[in-house]
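Worksheet for the structure shown next.
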Amino acid sequence: MRTTRTPLALAFALSLGLAACSPASEEPVAAPEAAPEATVAADTELADRDAQVDPMDKVLAGDWRDPSNASRDAWRHPRETLGFFGVGPSQTIIEISPGGGWYTEILAALPGEKGRYIGVINDPSKSGNERAQNYYTEANTKLRDKLAARADVYGAATLVEIDPKAPVLGEPGSADVVLTFRNVHNWVMAGNEAAMFQSFYDVLAPGGVLGVVEHRAAAGKTLAEVKTSGYLPEDYVIGLAEAAGFVLDDKSEINANPADTKDHPNGVWTLPPGNNHDEADRAKYAAIGESDRMTLRFVKPAAE
């Protein structure tokens, strides 16, 4: 027998079918809370990931760096240079004559809990004339203001004033690394070079590193020929360090610039960033870029 369903019966059957396909309850189901062990594991994973980040990556990308300084990384190669010198966050790092603080922005932000940054600046009262006193007073004030403006980054940094004729950088054997960038020619012109290199040796612990970056004179040039140009013979700089007791550990071409002819009318200051030249020659010297530089790593011999 054929069964005929009325519209009402069909509607009732359809409602039963829909009910069978629908959730039993319209109440939202809360997500299960993460187990304490899972939270701890996630935090540990994040901490491990942070620990694997190269501290230099964070420093070089820091928002405290002056954009005009960061733009010159291509000429000064801070990552490669500091890597060559073996600089790390757990060391006591001394930077000699920071100037406007180009490397200070990197070095003073690098030390971790066990590290320390010390910038060595000239005591204006020990300068030989009023012009020099005014120069160092102004430069030191600007550097202090720079550090104070980002105490969250540089808060642990310290500055030490010295007499460049009789420099004392700190307690003997208290530093792991001493770094000087483009300063040696100034000491040579002032006659303080031997005293300065001896102070580097005295403050470093046995096995400590002296890193030197300096404008390099053309091969074969004597000190007398280039003394006022800002460039120095590489063998002369090596001799200064060795006379103080250091051993040349290695040299690098990280900061070499073959385009630098080293015969500029106003010495090294003709080139960027000094740009001491006629405006008409700006493109010419910009194409050369910054100076050709020696990069030397010296070591204080370990105690016997």
Side-chain angles (χ1 to χ4, degrees), residues 60 65-85 87 95-107 139 178-193 196-197 209-242 248-298:
L60 292 178
R65 295 191 69 198
D66 186 323
S68 65
N69 287 344
S71 69
R72 284 155 61 190
D73 286 358
W75 292 109
R76 298 194 169 179
H77 314 101
R79 178 190 300 280
E80 297 82 359
T81 300
L82 297 178
F84 176 70
F85 292 147
V87 176
E95 182 187 10
I96 310 299
S97 299
W102 195 95
Y103 256 107
T104 307
E105 291 180 351
I106 300 170
L107 294 171
V178 171
L179 302 171
T180 172
F181 303 98
R182 307 170 311 281
N183 292 311
V184 182
H185 60 280
N186 292 320
W187 304 325
V188 170
M189 287 188 285
N192 302 326
E193 66 271 35
M196 290 300 297
F197 273 83
V209 170
L210 167 64
V212 177
V213 176
E214 179 55 49
H215 311 294
R216 178 166 50 193
K221 290 290 185 180
T222 65
L223 177 63
E225 291 175 304
V226 299
K227 186 173 182 179
T228 60
S229 71
Y231 293 95
L232 290 175
E234 186 172 293
D235 59 353
Y236 177 75
V237 177
I238 293 173
L240 287 173
E242 291 179 338
L248 177 65
D249 188 50
D250 202 358
K251 58 174 70 175
S252 172
E253 293 301 298
I254 294 168
N255 295 299
N257 180 4
D260 182 8
T261 57
K262 311 175 186 186
D263 57 356
H264 316 300
N266 295 304
V268 73
W269 301 282
T270 309
L271 298 176
N275 291 311
N276 186 10
H277 53 66
D278 293 335
E279 183 60 31
D281 293 327
R282 178 171 291 275
K284 170 186 174 181
Y285 291 113
I288 294 174
E290 297 197 15
S291 68
D292 177 56
R293 294 164 184 161
M294 65 186 88
T295 303
L296 309 172
R297 184 174 72 228
F298 300 93

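Here, residue 1 is the first one in the sequence, and each next residue gets the next number.
Of all heavy-atom pairs between Thr104 and Pro98, the closest is OG1-CB, 3.2 Å. Nearest heavy atoms, Lys221 versus Glu225: CA-OE1, 3.4 Å. Of all non-hydrogen atoms in Pro233 and Ala217, the two that sit nearest each other are N-CB, 3.7 Å. Across every non-hydrogen atom of Pro272 and Gly289, the tightest pair is CD-O, 3.3 Å.
For the pair Trp187/Val184, a side-chain contact is recorded, criterion being any heavy-atom separation below 4.5 Å from C-beta on. Side-chain contact check for Ile254 versus Phe84: some heavy-atom pair is nearer than 4.5 Å. No side-chain heavy atom of Thr180 sits less than 4.5 Å from a side-chain heavy atom of Met196. Using a 4.5 Å heavy-atom cutoff, the side chains of Trp269 and His264 are not in contact. Looking at heavy atoms from C-beta onward, Asp260 lies in side-chain contact with Tyr231 at the 4.5 angstrom threshold. The shortest side-chain heavy-atom distance between Arg76 and Thr81 does not fall under the 4.5 Å cut-off. In this structure the side chain of Arg293 reaches within 4.5 angstrom of the side chain of Arg182, judged on heavy atoms. Residues Ile238 and Phe298 meet the side-chain proximity criterion, which asks for heavy atoms closer than 4.5 Å.
The distance from atom CG of Leu248 to atom CG of Asp250, rounded to the nearest 0.5 Å, is 7.0 Å. Taken from OG1 in Thr270 to CG in Asn275, the straight-line distance is 9.5 Å, to the nearest 0.5 Å. Between the CD atom in Glu80 and the CG atom in Asn255 there is a gap of 8.5 Å [rounded to 0.5 Å]. Distance check, rounded to the nearest 0.5 Å: CG of Asn183 to CG of Asn192 gives 12.0 Å. Between the CD atom of Glu214 and the CG atom of Asn186 there is a distance of 8.0 Å, given to the nearest 0.5 Å. Here CZ of Arg216 is found 12.0 Å from CG of Leu232. Values are rounded to the nearest 0.5 Å.
Looking at Arg65, its side chain does come within 3.5 Å of a backbone N or O of Leu60 through a donor-acceptor pair. Glu95 places no side-chain N or O within donor-acceptor distance of the main-chain N or O of Val178, the cut-off being under 3.5 Å. Judged by distance alone, the side chain of Asn276 and the main-chain N or O of Asn266 form no donor-acceptor pair under 3.5 Å. Under a 3.5 Å cut-off, the side chain of Asn257 and the backbone N or O of Ile288 do form a donor-acceptor pair. In this structure, Asp278 contributes its side chain and Ala280 its backbone to no donor-acceptor pair below 3.5 Å.
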For Lys262 and Val226, run side-chain contact (heavy atoms from CB on, under 4.5 Å): C-alpha distance rounded to whole Å, both residues' side-chain angles, the deciding distance at 0.1 Å, then the answer. CA-CA 10 Å; Lys262 311 175 186 186; Val226 299; over 6 Å; no
Could you go through Leu82 and Leu107, starting from their C-alpha distance and side-chain angles, then the distance that decides it, and tell me whether this counts as side-chain contact (heavy atoms from CB on, under 4.5 Å)? CA-CA 9 Å; Leu82 297 178; Leu107 294 171; 3.9 Å; yes
Pair Leu271, Glu290 - check side-chain contact (heavy atoms from CB on, under 4.5 Å), show working. CA-CA 6 Å; Leu271 298 176; Glu290 297 197 15; 6.0 Å; no
Set out, in order, the CA-CA distance, both residues' side-chain angles and the distance that settles side-chain contact (heavy atoms from CB on, under 4.5 Å) for Phe85 and Thr295, then state yes or no. CA-CA 9 Å; Phe85 292 147; Thr295 303; 3.7 Å; yes
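Defined by atom type and a distance below 3.5 Å, a donor-acceptor pair is present between the side-chain atoms of Glu193 and Tyr236.
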